[in-house]
Amino acid sequence: MKILLTGVAGFIGFHLATELLKRKYSIIGLDNLNSYYSAKYKKHRIEILKKNKNFKFKKIDLKNKKKLSLLFKKNKPDYVFHLASQPGIMYSFKNPSTYISNNILATKNLILASINYNIKKFYFTSSSSVYGNKKKFPIKENSKLKPINLYAKTKKQCEMMLIKYFKKTNIDLKIFRPFTVYGTFARPDMIFLTYLKKSLENKSFYLFNKGNYTRDFTYVGDVAIILAKFLSVGKIKNKIFNICSSKPIKIKKIIPIINKYSKQKCKIILKPYRKGEMIKTYGDNNKIRKIVNFKKFTNINDGIKKTINWYLSFKNKDILYFDKVKY
Ligand SMILES: NC(=O)c1ccc[n+]([C@@H]2O[C@H](COP(=O)([O-])OP(=O)(O)OC[C@H]3O[C@@H](n4cnc5c(N)ncnc54)[C@H](O)[C@@H]3O)[C@@H](O)[C@H]2O)c1
């Protein structure tokens, strides 16, 4: 089976490709290697994947319909995993247009190509942020969507578009809503690498909402296994799945665990709540537990330890960071 994986140079895409290659699938990895964060870091992930003979990389932008269509024509993928996206919540206030083009328009192009070339499965990573601020926990997949930032709004829009376009086709559509994903080869705009950078440089770290955001941290290795296992699941009427460990923890409790394993400390400056950020994420994972029989989620201590050990041994730390994102 040949799989087209978009966003392969990204954090989750890299881990998913690694997991699928382990399972002997052939991967055509697509990414535009944009510079939202370090393109050098993205290329580094691709170089690792290229060591496997079943991996092929194509530097293509999903906004380019012609190149995308040619890629489908030449490579005839059976399945599509669509992970490419413009992520980030605060950045969506700064540069809204990139969310419209790289999430909505890019996804539409991929949908049309997938229909034209008779793809069998289309798996999309949406986000837990589509739920917005909730009062009832854990959040179930059928909970009402009330996105509170543009990133989340574009993800919701993509979900609706996918359901509408694939309704009259035979394509097996599945929509995943991952909750805060962390782990090795992490994104430099997310808490772990941001915090570690500040502590190495002896700088202060801003802790927004005074550290009282709660996140359902989910280890990236678990996410990759769950997504890969879904390839053996047939069509299901209800096609939306939370991906979460269902073990929420406050950010202020994460910091001491990072300090413990990195043996470093950052000066913390407490800051207020920022508009657009969710106060608490805590998902219900019963559906995925049953469907793919995945029960052993990595606990937060083990996950953080693995992440920090990877970071400390990463030789070329300067390729991890790039100035477009404010760290
Ligand atoms: N990391 C998380 O905690 C998290 C949580 C929920 C959902 N998600 C979703 O999972 C997916 C992967 O997230 P990630 O953390 O790996 O992000 P990432 O930014 O590391 O990866 C996304 C990749 O997509 C590529 N890309 C963006 N626009 C493109 C375009 N127009 N054409 C081709 N490539 C393009 C980028 O270059 C990047 O390498 C995204 O859809 C994201 O919204 C992530």
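Order of appearance sets the numbers: ligands from 1, and atoms from 1 within every ligand.
Counting only non-hydrogen atoms, the option in G29, G88, S101, S126 that gets closest to atom 7 (C) of ligand 1 is S126. When the heavy atoms of V223, T98, D31 are ranked by distance to atom 23 (C) of ligand 1, first place goes to D31. Closest heavy-atom approach to atom 19 (O) of ligand 1 among the candidates A106, A152, P87: P87.
In terms of protein heavy-atom proximity, atom 17 (O) of ligand 1 is closest to R187 CD, 3.5 Å. Annotation: atom 6 (C) of ligand 1 to nearest protein heavy atom, P178 O, 3.2 Å.
Within ligand 1, the atoms closer than 4.0 Å to a non-hydrogen atom of K42 are 36 (C), 37 (O), 38 (C), 39 (O), numbered from 1 in the order shown. Within the listing of ligand 1, atoms 31 (N) sit less than 4.0 angstrom from a heavy atom of K63. Here is the list of ligand 1 atoms found below 4.0 Å of a heavy atom in D61: 30 (C), 31 (N), 32 (N).
Following chains of ILVMFWY side-chain contacts shorter than 4.5 Å, one can reach I225 starting from F230, so the two form part of one hydrophobic cluster.
Neither the backbone nor the side chain of R177 has a heavy atom within less than 4.0 Å of ligand 1. Only side-chain heavy atoms of L30 come within less than 4.0 Å of ligand 1; its backbone N, CA, C and O stay farther off. At a heavy-atom distance under 4.0 Å, no atom of Y182 approaches ligand 1. Contact annotation for Y151 and ligand 1: only side-chain heavy atoms (C-beta onward) come within less than 4.0 Å of the ligand. Of the heavy atoms in S85, both backbone and side-chain atoms come closer than 4.0 Å to ligand 1. In S128, neither the side chain nor the backbone holds a heavy atom less than 4.0 Å from any atom of ligand 1. Looking at V181 against ligand 1, both its backbone and its side chain come within 4.0 Å, counting heavy atoms.
Using a 4.0 Å cut-off between charged side-chain N and carboxylate O, E47 and K43 make no salt bridge. For K156 and E159, the salt-bridge test fails: no basic side-chain N is under 4.0 Å from an acidic carboxylate O. Note on D172 versus K235: no salt bridge recorded, every NZ/NE/NH1/NH2 to OD/OE distance being 4.0 Å or above.
A cation-pi geometry, defined here as NZ or CZ lying under 6.0 Å from the six-membered ring centre and within 45° of its normal, holds between K42 and Y37. Relative to the ring axis of F205, K198 does not place its NZ or CZ within 45° and under 6.0 Å from the centre.
Using 4.0 Å as the threshold, Y37 has a heavy atom nearer than that to some atom of ligand 1. Distances from ligand 1 to the non-hydrogen atoms of H82 include no value under 4.0 Å. Judged by the shortest distance from any of its heavy atoms, I60 lies inside the 4.0 Å radius around the atoms of ligand 1.
When side chains are defined from C-beta on, F72 counts as touching L110, because their heavy atoms get closer than 4.5 Å.
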